[in-house]
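Down below is the structure, laid out as structure tokens.
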Amino acid sequence: LKRARNHWVVAPMRTASTCAAEPPTARRDEEEVSGEGGLSARTWPSGPWRDCSVPGPDGGRVAGQERVVELPQRQGRPRQFVLARGALEASLLRPLREAVGEVNLVCPETIDCLPCGPIGATTFDAREVPAMSEPLEALLRQLVPYLAERHASPRLRVLGIFACRCTSGCAPELPKPQLQLLGTLHAVVALDDGCAVLVRAPGHCQTSVVPLHNGAVASFPSDFAHGCTGGPCGAPPWPSQWTLHVSFGEDDDSLLGRSLKTEWLDAAETGDADAACVLAHSFVEEQDFASAVRWYERASAQGHSDAQCALAGLLVADHGGVRRDTDLAERLYRQAASRGHSVAQMQLAALLVERGGDLEEALEWLQEAADQQDPEACYKLSEWHREGRVGIPNSLAAAHWARRAALLGHPAAQHQEGERLQGEGSDPRLQGAAAVWFARSACSGHAAAQCNVGTMYALGVGGFPQDFELAG
């Protein structure tokens, strides 16, 4: 087995090699981007920056730099992932950054009152903020021609514009592509240093990290799942990191009434394994498991790791009329796990334990997944060490992996870290650190952490102001 250790993300995208990209606060190429607690992120896309000339205001041209990844075509149309810097003038970005900073939002998923700085994510429709109207128009006058030229889509039209604020420690779950919505392109514009966009190629379950310098633009097909998170920020207080998300459609009469699902079906029938896997995912959501199995099998036969992992999951779950077959599920998990698929490695470990298999081998597979900085694998590994699933309990190893899971954004691990610090004494610094972990976990939706935060609001402790309304 090829071990990939000490990396947060190993990008599975088969259209590009997993390699280095620009660190979020420096314009130089490095293999890894150090994060909080010494963790590191394997970033994407790869390759050197290349000079480019893009459309500028008033019909002129602007010099910039790009990294471009060519993606498989859909319906004969070219597709690219493009990371650009210098394509937008700073004078266009400053008014937008000032405008978003003045927006006063009350959002239950954010906590802004702690000395460490803001925690959680905030999203709002930028077109509903009057102060952003003129800056947005100026930005789009340069952004739309650039994207239309780069992605060979001359008839782009804006479908939506959202501003998103993320902070260090956020780890949002990426939504699955909405196959019923017709969209062509998505662009993320960084308004601060230290931003990072998380992207997942269609048909894949693992995520790649794209660090963004202030003014950088990441553009990609709308079927990519994506989200944003705060990048490495060093010691608190942590700053807000704003990104602008622009969704585009295409004024093309031939596309009217045509859903993305139709495009994926056409592509899958021509042998596209990614498309077959995406279709299978959609059939699972529709509870059509027979169709899901059929398309998973077609993608699995081509060696598609995500399809193999998902099909194995259906065979283990024994629902929807899919006959339980743990022997076949184990073979599929092994095929995907041997190619470094962290979810398959984790599920294979669980299946081996369930079937009374080799516990040492199960621990090795779980370790493989945790070494790729999979948050769930790190958390499960901490539980295995704490409970002594293999050998005697190991409290030191359990604490190590629990903290690593917390640093990677696992809500239960973050809550556990808060409880650990809270129980170490009454030192205000410890209680303040515990409050930060509870806040991070609460912003991710962890119910027990939300109760802790409510209690701290009610009592006015841990750096929280006394506020009975917020406590409720």
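Below, each value reflects all heavy atoms present in this structure, side chains not excepted, and no hydrogens, waters or symmetry copies.
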Report task. Could I get the full list of side-chain contact (heavy atoms from CB on, under 4.5 Å) partners for Ala413, not counting sequence neighbours? Result -> Tyr379, Ala405, Ala406, His410

Expected list for residues 346-355: side-chain donor-acceptor pairs under 3.5 angstrom, two or more places apart:
| residue | atom | partner | partner atom | Å |
| --- | --- | --- | --- | --- |
| Glu354 | OE2 | Arg324 | NH2 | 2.3 |
| Arg355 | NH1 | Thr326 | O | 3.4 |
| Arg355 | NH1 | Asp327 | OD1 | 3.3 |
| Arg355 | NH1 | Glu330 | OE1 | 2.5 |
| Arg355 | NH2 | Asp327 | OD1 | 2.3 |

Report summary line: Applying salt bridge (charged side-chain N to carboxylate O under 4.0 Å, His left out) to Glu376 and not counting sequence neighbours gives Lys380

Report summary line: Ser342 meets the side chain to side chain donor-acceptor pair (under 3.5 Å) criterion, sequence neighbours left out, with Gln206, Asp374

Query raised in the report: If you take all heavy atoms of Gly215 and Leu93, which pair is closest and at what distance?
Result: CA-CD1, 3.3 Å

Report task. Return the set of residues passing side chain to side chain donor-acceptor pair (under 3.5 Å) with Ser300 (not counting sequence neighbours), or none when no residue passes. Result -> none

Could you go through residues 125-134 and list every donor-acceptor pair under 3.5 Å that involves a side-chain atom there, pairing it with any protein atom two or more places apart or in another chain?
| residue | atom | partner | partner atom | Å |
| --- | --- | --- | --- | --- |
| Asp125 | OD1 | Arg127 | N | 3.0 |
| Arg127 | NH2 | Leu159 | O | 3.1 |

Requested in this report: Hey, could you give me each pair passing side-chain hydrogen bond (donor to acceptor under 3.5 Å, both in side chains) that has a residue in residues 448-472? Not counting sequence neighbours.
Outcome: His415-Asn452

Query - Asp288: partners by side chain to side chain donor-acceptor pair (under 3.5 Å), with sequence neighbours left out - result: Ser291

**Report entry** Distance-only side-chain donor-acceptor flag, Ser247 / His186, under 3.5 Å
**Finding:** yes

Query raised in the report: Who passes salt bridge (charged side-chain N to carboxylate O under 4.0 Å, His left out) against Asp358, sequence neighbours left out?
Result: none

Requested in this report: Under the ring pair (Phe, Tyr, Trp, His ring centres under 6.0 Å) rule, collect the residues that match up with Tyr296, sequence neighbours excluded.
Outcome: His281

Query - side-chain hydrogen bond (donor to acceptor under 3.5 Å, both in side chains): pairs with one or both residues in residues 418-432, sequence neighbours excluded - result: Glu417-Arg420, Arg420-Glu424, Asp427-Arg429

Query raised in the report: Is the shortest distance from a Lys or Arg side-chain nitrogen in Asp192 or Arg165 to a carboxylate oxygen in the other one below 4.0 Å?
Result: no

**Report entry** side chain to side chain donor-acceptor pair (under 3.5 Å) involving Glu387 - partner list, sequence neighbours excluded
**Finding:** Arg389

